[in-house]
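Residue numbers start from 1 in every chain, and the chains themselves are labelled A, B, ... in the order their sequence lines are given, proteins ahead of strands. For the numbers below, each heavy atom of this structure counts, side chains included, while hydrogens, waters and symmetry mates do not. All figures in this text were calculated on a predicted structure; none of them were measured in a lab.
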2 protein chains.
Amino acid sequence: MSTAAAPAGPPLSAAQTRVINAAQTLFARHGVGGTSLQMIADELGVTKAAVYHQYRTKDEIVLAAAETELRRVQVVVEHAEAARSTRQARDRAITGIVDLAVERRHTVGTILGDPIIVGFFADHDLFRDVMLRLRHLLVGEDAGAEGRVRTAMLIAATSGAVTHPFVADLDDDTLRTQLLQLARRFLGLPA
Amino acid sequence: MSTAAAPAGPPLSAAQTRVINAAQTLFARHGVGGTSLQMIADELGVTKAAVYHQYRTKDEIVLAAAETELRRVQVVVEHAEAARSTRQARDRAITGIVDLAVERRHTVGTILGDPIIVGFFADHDLFRDVMLRLRHLLVGEDAGAEGRVRTAMLIAATSGAVTHPFVADLDDDTLRTQLLQLARRFLGLPA
DNA sequence: GTCTATAGACCGATAGAC
DNA sequence: GTCTATCGGTCTATAGAC
């Protein structure tokens, strides 16, 4: 359905994956700027030097953590693009991002909203590519300001609502059901 | 229409207001954890000691910055509660938060989403009070999970969408018009 | 209300042994 | 791949002069 973009970087080693997982947890809890390499090392039970063996700078860790999150969205987009009809594609896209937001409700919102990561993504080719493809799936060919605002609202609503205190005591299934239903309605789709 | 809550704290002096304004700008750009007192002092053209003369700790600055933002929402809520009909009240609420989000599109999203500020608000009485009253205005008496998710989505969509790259090149008026229209539709109101 | 100067902890990052 | 030890710099916060 479209030329698949190359992955954002080489696959992560097991040790790198552990570093990124710890970093994402801490980024969500303290923000990117409030998370130190010492905290990441402590979370893993190793020393800072061991972390520096996997990544040469903190910025590399931040970028890898952001791209790991982005790649989850990329997978959803590519699965949707492989659908047989535009109706099914849109359905897969909306279900996929809702699932992702609920599954990662304690991390996704805060990480993607962090100003440092927003800055990293501002000139990030893969980020732009994935977002454009997601928008195409959700609202079709560029519908001007209305389509852009609508997509931005849906993405912000989905990834942001899951961290709101109002929904803190809802279990994952309830949250997912409600999010999906309201997201569909927002796009003017049949429930 | 309801018992007005007391303000979150004493009014700010002119010097304190300058500190908080500088802090909010930097929080939005670098995150709360990534903003130092030195950066705030530099932004104001004074030394750190001068800033410490206004606030005794960095936490006090963070809290005051968060409460300043919260109080803007409180003003919107109280103006809406003073309406003569529930229909007018809901209209004022939705218009007010959209206006607020657009007016402060470069700060509001990142500040209210920052994990450190989310933590401050987790046990914050005024925050809870204002959010509950806002929910009551938007979706009426507690409608269970559906009403909670709906309110969380609308708040996240409004405050989060304004920072999304998709809308970066839209002028304030266009953004406000589209946001308002889509927010109304999301609540099932006539356009 | 602003300054200089400083204390003590922690920051990101590196060197080199095992 | 992990460690100890260390570098220079920045952090929050305070003391005290003007």
Query - Where chain A begins and ends its contact with DNA chain C, read 5' to 3' at 4.0 Å from heavy atoms - result: C/dC11 to C/dA15

Query raised in the report: Where along residues 36-58 of chain A does a heavy atom fall under 4.0 Å from DNA chain D?
Result: A/V46, A/T47, A/A49, A/A50, A/H53

Report task. Considering only NZ, NE, NH1 and NH2 on the basic side and carboxylate oxygens on the acidic side, decide whether B/D91 and B/R87 come within less than 4.0 Å. Result -> no

Query raised in the report: Relative to each other, are the rings of A/F127 and A/F121 parallel, tilted or perpendicular (30° and 60° limits)?
Result: parallel

Report task. Look at B/R176 together with B/E103 and state whether they make a salt bridge at an N to O cut-off of under 4.0 Å. Result -> no

Query - With A/E81, the side-chain hydrogen bond (donor to acceptor under 3.5 Å, both in side chains) member among A/R92, A/H136, A/R133 - result: A/R133

Query raised in the report: Do A/L134 and A/V75 share a hydrophobic cluster, counting only Ile, Leu, Val, Met, Phe, Trp and Tyr and linking them when any side-chain heavy atoms are less than 4.5 Å apart?
Result: no

Query raised in the report: Among side-chain atoms of B/Q24 and B/R104, is any donor-acceptor pair under 3.5 angstrom?
Result: yes

Query raised in the report: More than 12 heavy atoms of other residues, nucleotides or ligands under 6.0 Å from CG of B/D169: is that the case?
Result: yes

Report task. Using heavy atoms and a sub-4.0 Å distance, could you list which residues of residues 15-23 of chain A are near DNA chain D? By number, please. Result -> A/R18

Requested in this report: Establish whether B/F27 and A/V118 are linked, either directly or via other cluster members, by ILVMFWY side-chain heavy-atom contacts under 4.5 Å.
Outcome: no

Query - B/V130 with B/L100, same ILVMFWY side-chain cluster at under 4.5 Å - result: yes

Query raised in the report: Near A/D171 CG, under 6.0 Å, is it more than 12 heavy atoms from other residues, nucleotides or ligands?
Result: yes

